[in-house]
Amino acid sequence: MSQIPRTDQPAARRPLLWTLIAVLAGAGLATQGRVNGELGVRLDQGMLAALVSFLIGCAFLSVIMLVSPKSRAGVIRLVAVVRDGSMPWWYLTTGCIGAFVVASQGIAAGIIGIALFTVGQVAGQTISGLAVDRLAFGGLARKPITVPRVVGALLALVAVGLALVSTGEVDAVWLVVLPFVAGLLQALQQAMGGLVQRHSGSAVAQSAQNFVVGTALLAVIVGVQALAGVEAQPLPTEPWLYVGGVLGVIVMAIVSVAVHHLGVLALGLATICGQVVASVVLDLVMPADHPVTTWSLLGAALTILAVAVSAIRRPRRA
C-alpha cells in the first residue's frame, strides 16, 4: 500500500493552521473591544477613547507604510481609481462605520461587558449579512436567502433578546442595542472594504484609508464635544489600554490573508467563535460593571449556533 508523500502533509495541515489563526484573530477583536471599553470608562468619554485608538492605529500604519513600498503603491493606486471614477469616492467612507464601531466599544463594552457587547455585534452582523449577500453589494457574489440563513438570523435576534434580558435594567437596554446597530453596519463595511482592497491591491492601503477617515470624523466629534463643555478624565498610565488600535490593524491584516486559505464561510465561523469565547473569558477574568450571568452565557452560545445554522448549505443536485 503506497504511502502519502511527506511533501503533502504540511499542505494538509494548512487549513487547520489558518483556522486556528482565524480563531486568534476573533479573540483579538474581543480583546480590542475590552481594551477600548476600559479606556472609555477610565476617560469617562467613549468618543475620546475611540479617537485615541484610531490615532494609535494611524501611527502604526504610518510605520508600516514607511518600510513597505508595496503598501505605498497600493495607496497611489487607490487615489488613481477614485480620481478616474473607476471606484465611487463614497466607498472610502468605510472609516466612518469603523469609527462608529470603535466608539460603541468605548461607550458600551466597559459597562455591559464584552460578552454582551459581542452578542449584540455578531447578531447584527449575521442579520445584515442577509441583505448584503442578496443585493450583491460591493461587487460580491449574489447569494440567495435560504431557509438556514433566515433561521440563523432569527436565532441571532433571540440571542439579542437574551442579552437584553440579562441586563436587568431598562436604562441599560440601549447599551446592548448600540453594538447591535454596529454589527448591522459591519456587513456593509466589509463589502465596501472588499471593493477598496480589490482596487488598491493592498490590505494595508485599505486599512489606512479606513483609519484616516475614521480619525478625521472622530476628531471633529470630539472637538465639538469639547466646545460644548464635555470633559474627560486624564489619560491613564497603563500601557495596555492603548493597544486597541494596533490590535485592529493586525486583525484586519490577518483576515485579509486568511480568507484566501479558508474562504469567507470558514473564516467567518472561526473568527466569530474566537470572538464569542474570548469575550466570555475576558469578562470572567476581568469583570466589567455588568457580571457574566447564565443569560449572557446562553446568548453567547445561541450566537454561535445562529452563525453555524446560517452557514448550512443545501447539497447541489447532480
Got a sec, which pairs hit ring pair (Phe, Tyr, Trp, His ring centres under 6.0 Å) with one end in residues 31-57, sequence neighbours left out? Phe54-Phe211
The side chain to side chain donor-acceptor pair (under 3.5 Å) partners of Ser62 (sequence neighbours excluded) come to none
My understanding is that only residues two or more places apart in sequence, or in another chain, count here; which of them pass side chain to side chain donor-acceptor pair (under 3.5 Å) with Ser71? Ser68
Closest contact, heavy atoms only, Ala30 versus Ala278: CB-CB, 4.0 Å
Do the non-hydrogen side-chain atoms of Gln206 and Leu78 ever get within less than 4.5 Å of each other? no
Assess, by modelled atom type and distance only, whether the side chains of Gln209 and Thr94 contain a donor and an acceptor separated by less than 3.5 Å. yes
Excluding sequence neighbours, so at least two apart, what forms side-chain contact (heavy atoms from CB on, under 4.5 Å) with Ile221? Met47, Leu217, Gln225
Student check: side-chain heavy atoms of Ile107 and Leu178 closer than 4.5 Å: yes
For Val196, is there any backbone N or O sitting under 3.5 Å from a side-chain donor or acceptor partner on Ser200? yes
For Gly74 versus Ser202, what's the shortest heavy-atom pair and its separation? CA-CB, 4.0 Å
Same apolar cluster: Val249 and Ile21, side chain cutoff 4.5 Å: yes
Taking side chain as C-beta onward, heavy atoms only, is Gln275 less than 4.5 Å from Gln121? yes
Ignoring hydrogens and angles, write down the donor-acceptor pairs under 3.5 Å from the side chains of residues 232-243, residues two or more places apart or on other chains.
{"residue": "Glu238", "atom": "OE1", "partner": "Arg42", "partner atom": "NH1", "Å": "3.2"}
{"residue": "Glu238", "atom": "OE2", "partner": "Arg42", "partner atom": "NH1", "Å": "2.9"}
{"residue": "Glu238", "atom": "OE2", "partner": "Arg42", "partner atom": "NH2", "Å": "3.4"}
{"residue": "Tyr242", "atom": "OH", "partner": "Pro236", "partner atom": "O", "Å": "2.5"}

Atom pair CG/CZ of Leu39 and Arg34 - distance to nearest 0.5 Å: 11.5 Å
Quick one: do Leu55 and Met65 end up in the same hydrophobic cluster if we chain Ile, Leu, Val, Met, Phe, Trp and Tyr together by side-chain heavy atoms under 4.5 Å apart? yes
Given the rule that I, L, V, M, F, W and Y join up when any side-chain heavy atoms are under 4.5 Å apart, are Leu51 and Val213 in one cluster? no
When you group the ILVMFWY residues by side-chain heavy-atom contacts below 4.5 Å and let the links chain together, are Val75 and Val204 in the same group? yes
In terms of hydrophobic clustering (I, L, V, M, F, W, Y; side-chain heavy atoms under 4.5 Å; direct or indirect links), are Val63 and Ile56 co-clustered? no
For residues 105-126, pull every pair meeting ring pair (Phe, Tyr, Trp, His ring centres under 6.0 Å), keeping only residues two or more places apart or in separate chains. none
Here the pair of heavy atoms bringing Val251 nearest to Ala25 is CG2-O, 3.7 Å
